[in-house]
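Only one structure is covered here, and it is reproduced in the block below.
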There are 2 protein chains.
Amino acid sequence: MNLKELAQKLNLSPTTVSRALNGYPEVNAATRDRILAAAKRHNYRPNTRAIRLATGRAMAVGHVFPGATKNEIMNPVFADFIAGAGEVYAANGYDMLLSVVSDEAEAQTYRDLKSRGAVDGVIVHAVRTNDERIQSLLDLGLPFVSHGRATGVDLPYSWVDVNNRRAFLRATEFLLDLGHSRIALVNGLEGMGFALRRRSGYVDALSARGVDADPALMSSDAMTEHSGFTAASAMLDRPDPPTAFVAASMLSGMGVRRAIEARGLKMGRDVSVIIFDDELSYLRNGEDLPIFTATRSSVREAGRLAAQMLLDLIADPDTAPRNKLLEADLILGQSTGPAPRK
Amino acid sequence: MNLKELAQKLNLSPTTVSRALNGYPEVNAATRDRILAAAKRHNYRPNTRAIRLATGRAMAVGHVFPGATKNEIMNPVFADFIAGAGEVYAANGYDMLLSVVSDEAEAQTYRDLKSRGAVDGVIVHAVRTNDERIQSLLDLGLPFVSHGRATGVDLPYSWVDVNNRRAFLRATEFLLDLGHSRIALVNGLEGMGFALRRRSGYVDALSARGVDADPALMSSDAMTEHSGFTAASAMLDRPDPPTAFVAASMLSGMGVRRAIEARGLKMGRDVSVIIFDDELSYLRNGEDLPIFTATRSSVREAGRLAAQMLLDLIADPDTAPRNKLLEADLILGQSTGPAPRK
DNA sequence: GCCCTGCTTGAAACCGCTTTGAACGCTCAG
DNA sequence: CTGAGCGTTCAAAGCGGTTTCAAGCAGGGC
């Protein structure tokens with residue numbers, strides 16, 4: 001069922017039918033009702049391909065992920081971010097196009113998406129320090145919003161990010177308030193800007209209280225359970241072990257917990273742990289009562305915000321770049337307590 | 001730069017240029033070279049929207065995921081499956097369209113994708129027992145491949161699945177061989193067909209050796225760390241605790257391990273654990289040496305296979321449905337050992 | 001009675017490509 | 001010398017919508 005057929009059934013021209021369906025005002029109310037009813041009855045949906053060609057808009061948004069190489073890590077945050085963004089697209093009649101590409105192919109992918117006219121804009125993921133993608137997307141003239149800021153890039157562009165520095169600052173302060181002074185950081189890979197900012201929040205909180213950050217209590221690695229376990233184990237086995245940890249993710253935190261328990265210690269009593277919780281739907285921090293005390297910020301919500309921002313940008317490309325810095329909540333769980341008396 | 005402009009520059013008709021670029025044989029070799037050179041020089045890319053309208057093919061594949069409701073769990077397997085499928089699409093010039101929808105909206109989503117002509121086929125995820133989607137997709141005439149079989153549906157359709165029954169049968173047999181007889185099952189939600197088949201493999205292996213499956217040693221829940229911990233804790237606190245566990249996922253297994261260690265026991269010595277390992281890139285089972293003994297089958301590979309199967313089906317829709325049952329490897333890690341002497 | 005307006009509707013061009021059917025220039029067999 | 005056949009090229013008709021521009025018609029002011 002296409003427009004022409006529908007118009008014939010109604011004894012109207014395709015023009016009028018098109019206008020009625022798209023809500024143009026110059027259609028007689030009675031005619032419009034008749035058309036809408038018929039469209040519904042015949043389950044008519046305009047052909048996306050034709051709309052796209054005629055209007056020159058793709059009505060689609062691209063998400064480009066690094067991760068094509070066989071063993072590269074797909075970001076665990078991916079699924080929930082996509083779910084959030086997808087809600088917004090669906091509500092606005094946009095399609096979501098996904099490309100999983102190798103790092104080298106990424107620039108070319110953007111260029112193709114643009115010149116093929118496959119999307120109206122893109123969301124940039126896994127932003128790195130000094131990320132060249134920002135500049136090249138600006139050059140391309142393809143609207144985009146990045147998830148995370150690119151440290152070291154001083155250009156006007158739109159982004160959605162979490163105040164990672166503040167989150168880790170608050171987490172560290174909270175542990176200091178509980179009397180801890182040997183506080184360890186189990187950080188993500190510091191090639192990523194967000195990890196750097198987390199570290200700076202941690203370091204600043206310590207030095208504000210006159211505590212020197214101990215390099216032996218700072219680690220940086222991929223945010224997996226295994227690396228959390230390894231890092232925490234090494235630290236706990238030192239002569240002057242930490243009494244508290246700030247961990248970069250739910251998975252790292254689980255590794256830290258295991259290291260603690262493996263030494264016959266109890267998390268929350270002997271050793272405190274605060275994690276950063278992205279609220280991933282398959283990695284919940286407990287059911288009603290949180291297991292970990294955590295700085296929490298929903299990735300899904302970030303996905304929604306980024307998507308909405310991008311659609312606004314597409315609707316009006318000349319609008320000034322917008323930024324949204326999300327604050328993480330500090331929620332109390334069972335993994336923290338006062339520093340044990342010596 | 002579009003086809004017409006390029007043709008004008010070359011003093012040729014769009015017809016000839018189009019044919020040359022698409023490799024049709026009836027173009028003079030010299031002309032073709034001239035055209036290819038010019039296309040390259042001007043960085044010409046045919047407009048995707050126009051190609052799609054003209055050819056009637058979408059050159060795109062849809063992936064439809066349930067999970068739109070705020071708190072619904074996004075399948076953790078999602079990201080890696082997509083990464084695998086994406087490789088195949090990219091290599092074949094297809095785009096990947098993602099829809100995250102609420103359960104109720106799913107049927108309508110398929111119908112829309114079809115009538116809008118947005119995709120040439122779809123991959124069906126999270127297949128349930130007696131899944132009505134199979135029938136409705138067959139009715140729609142939209143080519144599709146499902147990831148997992150729909151238990152209870154006896155229709156001809158294409159799928160890619162893991163031999164879950166055999167995997168759990170082998171895992172259980174392996175534990176029996178090690179002398180275990182109190183073997184527990186920490187299963188996923190049994191509304192999903194794959195969980196049912198896993199259970200049947202487990203039960204059959206036991207009864208083949210004359211061991212009755214003990215209902216108190218079988219649990220079924222979402223595959224999270226927390227639920228693995230809870231289920232294993234309860235079982236270990238019984239008067240006749242299990243000496244071995246078969247767990248449905250990496251995350252469940254981590255929960256089981258925690259329950260074991262919380263009781264001062266050592267995994268691999270006092271209590272054995274076998275997990276099912278999907279080889280998720282962000283949830284690796286150890287680095288070089290596997291932590292868990294596991295039945296292993298790569299979700300990423302399944303994504304590749306399903307995607308390829310779908311493209312084949314799209315190329316020739318009249319081909320008979322194809323099925324691919326992947327066998328899981330049984331790999332030895334550090335989490336299993338002989339049953340402790342009484 | 002005439003003309004201008006406002007409200008509806010329609011014809012046709014257009015988006016950028018593919019593809020069908022026709023035409024052109026040559027060679028070569030009859 | 002004619003006509004069939006081949007290799008190349010092109011004009012034009014789609015694909016299924018949107019959008020511009022024109023036109024039909026009724027009502028109202030003069």
Side-chain angles (χ1 to χ4, degrees), chain A residues 1-36 38-39 42-60 93-95 112-120 315, chain B residues 1-36 38-39 42-60 93-95 112-120 315:
Chain A
M1 170 68 52
N2 60 24
L3 186 64
K4 208 198 287 181
E5 290 167 19
L6 185 62
Q8 257 160 13
K9 274 203 204 305
L10 287 160
N11 271 326
L12 287 168
S13 72
T15 310
T16 304
V17 176
S18 169
R19 281 204 270 245
L21 293 175
N22 289 303
Y24 283 79
E26 66 268 42
V27 181
N28 180 292
T31 314
R32 161 166 293 140
D33 291 348
R34 207 156 62 86
I35 292 174
L36 289 177
H42 294 94
N43 199 29
Y44 168 75
R45 309 252 132 201
N47 184 302
T48 311
R49 300 192 283 257
I51 293 184
R52 287 177 176 164
L53 182 56
T55 61
R57 293 179 309 158
M59 291 305 285
Y94 273 73
D95 284 334
D112 277 11
L113 286 175
K114 163 86 178 183
S115 63
R116 280 171 38 209
V119 300
D120 297 318
Chain B
M1 171 64 56
N2 60 25
L3 186 64
K4 209 200 287 184
E5 291 167 18
L6 185 63
Q8 256 160 14
K9 274 202 202 306
L10 287 161
N11 271 327
L12 286 168
S13 72
T15 312
T16 304
V17 177
S18 168
R19 281 206 267 249
L21 293 175
N22 289 304
Y24 283 78
E26 64 269 40
V27 181
N28 181 293
T31 315
R32 159 166 292 136
D33 291 348
R34 206 156 61 88
I35 292 173
L36 288 178
H42 293 95
N43 198 28
Y44 168 75
R45 311 243 134 208
N47 183 303
T48 312
R49 300 194 279 257
I51 294 184
R52 287 176 176 168
L53 181 57
T55 59
R57 294 179 308 160
M59 292 304 284
Y94 274 75
D95 284 333
D112 278 12
L113 286 174
K114 163 85 179 184
S115 60
R116 281 171 39 207
V119 300
D120 297 318

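All chains are named by letter (A, B, ...) in the order of the sequence lines, taking the proteins before the strands, and each is independently numbered beginning at 1.
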Does a side-chain N or O from Thr31(A) land closer than 4.0 Å to OP1 or OP2 of dT9(C), or not? yes

I need the CD-C1' distance between Gln8(A) and dT9(C), as an integer number of Å. 16 Å

Gap between atoms CE and P, on Met59(A) and dG17(D) respectively (whole Å): 15 Å

Smallest heavy-atom separation, Tyr44(A) atom then Asn2(A) atom, equals CE1-C, 3.6 Å

Using only side-chain N and O atoms of Ser13(B), determine if any of them is under 4.0 Å from OP1 or OP2 of dA11(D). no

Whole angstroms only, please: what is the CG-P distance between Leu6(A) and dG16(D)? 14 Å

Taking the side chain from Ser18(A) and the backbone from Pro14(A), do they hold a donor-acceptor pair closer than 3.5 Å? no

Rounded to whole angstrom units, what separation is found between the CG atom of Asn28(A) and the P atom of dC25(D)? 16 Å

For Tyr24(B), is there any backbone N or O sitting under 3.5 Å from a side-chain donor or acceptor partner on Asn22(B)? no

Mark yes or no for whether Thr48(A), through its side chain, and Arg116(B), through its backbone, hold a donor-acceptor pair below 3.5 Å. yes

State whether Asp112(B) and Arg45(A) are salt-bridged, where the test is any N-O pair (Lys NZ or Arg NE/NH1/NH2 against Asp/Glu carboxylate O) under 4.0 Å. yes

Arg57(A) side-chain N/O to Asp120(A) backbone N/O, donor-acceptor pair under 3.5 Å: no

Summarise how protein sits on nucleotides 12-24 of chain C as a single string, 5' to 3': B when a protein heavy atom is under 4.0 Å from the base, S for sugar-phosphate-only contact, - for no contact. B--BBBBBBB---

